[in-house]
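Sending over a structure as structure tokens; questions will come in a sec.
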Amino acid sequence: MAASEQAILSQLDASAQRGVRPERAQAALADVPALPESLVALEEQLTRATEDAEEKLRAAARHLVSAGGKRIRPMVTLLACGACGGEMRAAVPYAVAAELTHSATLLHDDVIDDGPLRRGQPASRVIWGNAVSVLSGDWLLTRALEIVSAEPARSAALPTLLATMRRLVEGEVLQLSLRSSFSATEKDYLDVVIGKTASLFGWAAAAGAWAAGQVGHVPDALVRFGEGIGIAFQLVDDALDYAADPQLLGKRLGTDLIEGKATLPLIRACEAEPRLRERLAALVEGEDDGDAVAADVVEVVKRVGGVDDARALAREHTRAALAALEEVPDGVHRRALLEAAGSLTERAF
């Protein structure tokens, strides 16, 4: 086996082991024919996608893309294509477009959040500045659209990718409008998650079906599947901000609340103990130390069950996603999607 394929398999194993049932996840992935080769092709095309960018834009974009990441969205695209009877290599361009779009949102998020780190290394904005980072994100979005516009299924995939990009922006704007007020409702929170996270998961899943030549109810079912696991993924991510091992998570606990983001665990905790809003108001006004407030709030969130509530809701969305997956033909690819969805919901650091 080539060294690049072995590296891909090692990455898959490491991702699978984050869940509560790593053996099942690993076995399901190992049963998928040609998955390592398809992932190698994905990495190669991700590199080639930025070859013709201006030097600074290329450097900033590759700094993020080459840093790795879970590649969850592209994996969903490839497996969905295989589940629909297509060759996974045919879905690689759509998988590349999904990852480039995701990377663009990360470049923009780091500017909005003044984020110093991304994937364990200095964020692009720290090295090249905010302007280059924003423009690199813009360039990646246009490149994703160019890639999809050249593919056979562009009539289905391109308009929906444009709509997804609009939803991504609207989700970000809504989150920004709610920042530091800590007045967000659970509906506000879910609207942000559906726009910023779930919409791209839904497109990535359906794109695999379109790459396989499917139209009609199967791509629609995969949109529901992708959006369901996207919501579950974000819920668990937000729960981990209050309950994970900081070293394994790669950031300190309570980062979201320090950045002014009211995620579901915090919203539920504020409902259970309204006095929390007073501490958070003091934090916003600069009257209290951020680290001290974060430590206190993290303890309250865990004590009143905010973390457990987020995980329980994630499981509900995962169950809905798996119900939608039943409309997709059975086989090794669908079983791998099923196990991936379970691992996303149950992952713990």
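It should be emphasised that the depicted structure is a prediction, and the values quoted were computed from it without experimental measurement.
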(message) I want to check something: taking the side chain as every heavy atom from C-beta on, are Leu338 and Leu322 in contact at a cut-off of under 4.5 Å?
(response)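 Result yes, sub-4.5 Å side-chain heavy-atom pair found.
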
(request) Answer yes or no: is there a side-chain heavy-atom contact under 4.5 Å between His333 and Leu35? (result)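 Not touching, per the 4.5 Å side-chain cut-off.
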
(request) Any chance you could measure Cys84, atom SG, to Trp210, atom CH2, to the nearest 0.5 Å? (result)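 One finds 11.0 Å between SG of Cys84 and CH2 of Trp210.
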
(request) Indicate yes or no: at least one non-hydrogen side-chain atom of Leu141 is less than 4.5 angstrom from one of His108. (result) yes

(request) Quick one: pull up CG in Leu29 and OG in Ser343 and give me the separation to the nearest 0.5 Å. (result)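 Here the interatomic distance stands at 8.0 Å.
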
(message) Determine whether a donor-acceptor pair (N or O, by modelled atom type, separation under 3.5 Å) exists between the side chain of Arg73 and the backbone of Leu200.
(response) no

(request) Using the salt bridge (charged side-chain N to carboxylate O under 4.0 Å, His left out) rule, take Glu339 and Arg334 through it: C-alpha gap first, then chi angles, then the decisive distance, then the call. (result) CA-CA 9 Å; Glu339 291 299 332; Arg334 194 182 84 173; over 6 Å; no

(request) Identify the two heavy atoms, one from Ala67 and one from Gln121, that lie closest to each other, and give their separation to 0.1 Å. (result)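 Shortest heavy-atom separation between Ala67 and Gln121 comes out as CB-NE2, 3.2 Å.
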
(message) Just verifying a value: how many Å separate Thr197 OG1 and Phe233 CZ, rounded to the nearest 0.5 Å?
(response)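 Thr197 OG1 to Phe233 CZ: 7.5 Å, rounded to 0.5 Å.
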
(request) State, to 0.1 Å, how close Gly115 and Val126 come at their nearest heavy-atom pair, and which atoms those are. (result) O-CG2, 4.1 Å

(request) Specify the closest pair of heavy atoms between Gly230 and Phe201, including all atoms of both residues, with the distance to one decimal. (result) CA-CD1, 3.5 Å

(request) Report yes if some heavy atom in the side chain of Leu280 is under 4.5 Å from a heavy atom in the side chain of Cys270; otherwise report no. (result)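 Of all side-chain heavy-atom pairs linking Cys270 with Leu280, at least one is under 4.5 Å.
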
(request) First locate atom CG of Leu313, then atom CG of Asp308, and finally report the distance between them rounded to the nearest 0.5 Å. (result)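 Here the interatomic distance stands at 12.5 Å.
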
(message) If the threshold is 4.0 Å, N to carboxylate O, is there a salt bridge linking Arg268 and Glu273?
(response) no

(request) Output all residues satisfying side chain to side chain contact (heavy atoms under 4.5 Å, CB included) with Ala41, sequence neighbours left out; order by chain, then residue number. (result) Arg89, Val92

(message) Under a 4.0 Å threshold between the charged nitrogen and the carboxylate oxygen, would Arg118 count as salt-bridged to Asp109?
(response) no

(request) For Arg71 and Glu99, run salt bridge (charged side-chain N to carboxylate O under 4.0 Å, His left out): C-alpha distance rounded to whole Å, both residues' side-chain angles, the deciding distance at 0.1 Å, then the answer. (result) CA-CA 7 Å; Arg71 304 291 196 244; Glu99 188 67 9; 2.9 Å; yes

(message) For the CG atom of Leu337 and the CZ atom of Phe225, what is their distance to the nearest 0.5 Å?
(response)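 Here the interatomic distance stands at 4.5 Å.
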
(message) To the closest 0.5 Å, what do you measure between CG (Asp191) and CD (Glu186)?
(response)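 Taking CG in Asp191 and CD in Glu186, the distance rounds to 11.0 Å.
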
(message) Quick one, Asp238 and Leu264 - any side-chain contact, counting heavy atoms below 4.5 Å?
(response)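 Side-chain contact under 4.5 Å: no.
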
(message) Which residues pass the side chain to side chain contact (heavy atoms under 4.5 Å, CB included) test with Glu327, not counting sequence neighbours?
(response) His217, Ala221, Arg224

(request) Flag yes if Ile127 and Val132 sit in one hydrophobic cluster, no otherwise; membership is Ile, Leu, Val, Met, Phe, Trp, Tyr, and two members link when side-chain heavy atoms are under 4.5 Å apart. (result)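 Both belong to a single hydrophobic cluster.
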
(request) Can you see which heavy atom on Trp203 is nearest to which on Tyr94, and at what distance? (result)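 Distance-wise, the nearest heavy atoms are CZ3-O, 3.6 Å.
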
(message) Test of understanding: clusters of I, L, V, M, F, W, Y form through side-chain heavy atoms closer than 4.5 Å, transitively. Do Val301 and Val293 belong to the same one?
(response)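 They do share one cluster, since a chain of ILVMFWY contacts under 4.5 Å joins Val301 to Val293.
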
(message) With salt bridge (Lys or Arg N to Asp or Glu O under 4.0 Å) as the rule and sequence neighbours excluded, what pairs involving residues 313-325 come up?
(response) Arg315-Glu346

(request) Please examine the side chains of Ser199 and Ile194, heavy atoms only from C-beta on, and report whether any two atoms are closer than 4.5 Å. (result) no

(message) List the residues meeting side chain to side chain contact (heavy atoms under 4.5 Å, CB included) with Ala91, not counting sequence neighbours, and say none if there are none.
(response) Thr77, Leu78, Cys81, Ala211

(message) So which atom in Ser103 and which in Leu140 form the shortest heavy-atom distance, rounded to 0.1 Å?
(response)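 In terms of heavy atoms, the two residues are closest at CB-CD1, 4.0 Å.
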
(request) Run through Asp188, Asp256, Asp113 and flag the one making a salt bridge (charged side-chain N to carboxylate O under 4.0 Å, His left out) with Arg179. (result) Asp113

(message) If the threshold is 4.0 Å, N to carboxylate O, is there a salt bridge linking Glu146 and Arg143?
(response)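 Salt bridge between Glu146 and Arg143, a charged N being under 4.0 Å from a carboxylate O: yes.
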
(message) Treating Ser133 as the side-chain partner and Asn130 as the backbone partner, does any N or O pair qualify as donor plus acceptor under 3.5 Å?
(response) no

(request) Before giving the answer on side-chain contact (heavy atoms from CB on, under 4.5 Å), spell out for Glu227 and Val223 the whole-Å C-alpha distance, their side-chain angles and the decisive distance to 0.1 Å. (result) CA-CA 6 Å; Glu227 291 191 351; Val223 168; 3.9 Å; yes

(message) Between Glu54 (side chain only) and Lys56 (backbone N and O only), is there a donor and an acceptor less than 3.5 Å apart?
(response)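 Between the backbone of Lys56 and the side chain of Glu54 there is a qualifying donor-acceptor contact (under 3.5 Å).
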
(request) Check for a donor-acceptor pair, side chain of Ser124 on one end and backbone N or O of Ala60 on the other, with a separation under 3.5 Å. (result)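 Such a contact is found between Ser124 side chain and Ala60 backbone.
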
(message) I'd like to check the ring pair (Phe, Tyr, Trp, His ring centres under 6.0 Å) partners of Trp128; sequence neighbours left out, ordered by chain and number.
(response)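 Only His63 meet the ring pair (Phe, Tyr, Trp, His ring centres under 6.0 Å) criterion with Trp128.
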
(message) Looking at Glu170 and Lys196, is any side-chain nitrogen of the basic one under 4.0 Å from a carboxylate oxygen of the acidic one?
(response) no

(message) For Gln45 versus Val96, what's the shortest heavy-atom pair and its separation?
(response)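 Closest approach of Gln45 to Val96: CB-CG2, 3.7 Å.
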
(message) Using a 6.0 Å cut-off, check whether atom CD of Glu55 has over 12 heavy atoms from anything other than its own residue.
(response) no

(request) Would you please test Thr101 and Leu168 for side-chain contact (heavy atoms from CB on, under 4.5 Å) and show each step? (result) CA-CA 10 Å; Thr101 301; Leu168 289 167; 3.7 Å; yes

(request) Please check if atom CD in Glu271 has more than 12 non-hydrogen atoms from other residues, nucleotides or ligands closer than 6.0 Å. (result) yes

(message) Main chain of Gln175, side chain of Tyr189: is a donor-acceptor contact present, judged purely on distance under 3.5 Å?
(response)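 Checking the backbone N and O of Gln175 against the side chain of Tyr189, no donor-acceptor pair under 3.5 Å is found.
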
(request) Is it possible for you to say whether Met75 and Leu100 belong to one hydrophobic cluster, with membership spreading through side-chain heavy-atom contacts below 4.5 Å? (result)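 Hydrophobic grouping puts Met75 with Leu100.
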
(message) For Met88 and Leu39: C-alpha separation, side-chain torsions, deciding distance, then whether side-chain contact (heavy atoms from CB on, under 4.5 Å) applies.
(response) CA-CA 9 Å; Met88 286 190 295; Leu39 289 170; over 6 Å; no

(message) A side-chain contact here means heavy atoms from C-beta on lying under 4.5 Å apart; do Val300 and Asp296 qualify?
(response)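 A side-chain contact is absent here, since even the closest heavy-atom pair is not under 4.5 Å.
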
(message) With a sphere of 6.0 Å drawn around CZ of Arg303, does it hold more than 12 non-hydrogen atoms of other residues, nucleotides or ligands?
(response) yes

(request) Look at the side-chain heavy atoms of Ile, Leu, Val, Met, Phe, Trp and Tyr, link any pair under 4.5 Å apart, and say whether Leu64 and Trp139 land in one connected group. (result) yes

(message) Count I, L, V, M, F, W, Y as connected when their side-chain heavy atoms are under 4.5 Å apart, and connections chain through other members. Are Leu174 and Leu190 then in the same cluster?
(response) no

(request) Spell out, as yes or no, whether a donor-acceptor pair under 3.5 Å connects the side chain of Arg58 to the backbone of Ala53. (result)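 Yes; judged by distance alone, with no hydrogens or angles, the pair exists.
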
(request) Would you indicate whether the side-chain heavy atoms of Pro265 and Asp309 approach each other to under 4.5 Å? (result) no

(request) May I ask you to say whether Asp31 pairs ionically with Arg335, meaning some side-chain N is under 4.0 Å from a carboxylate O? (result) no

(request) Quick one: name the residues clustered hydrophobically with Val169, using the 4.5 Å side-chain heavy-atom rule over I, L, V, M, F, W, Y, and just say none if it's on its own. (result) Val173

(request) Let me see the working for Leu145 and Leu158 under side-chain contact (heavy atoms from CB on, under 4.5 Å), right down to the final yes or no. (result) CA-CA 7 Å; Leu145 293 169; Leu158 187 58; 3.9 Å; yes

(request) Using the side chain to side chain donor-acceptor pair (under 3.5 Å) rule, take Thr50 and Arg62 through it: C-alpha gap first, then chi angles, then the decisive distance, then the call. (result) CA-CA 7 Å; Thr50 57; Arg62 284 188 174 178; 2.7 Å; yes

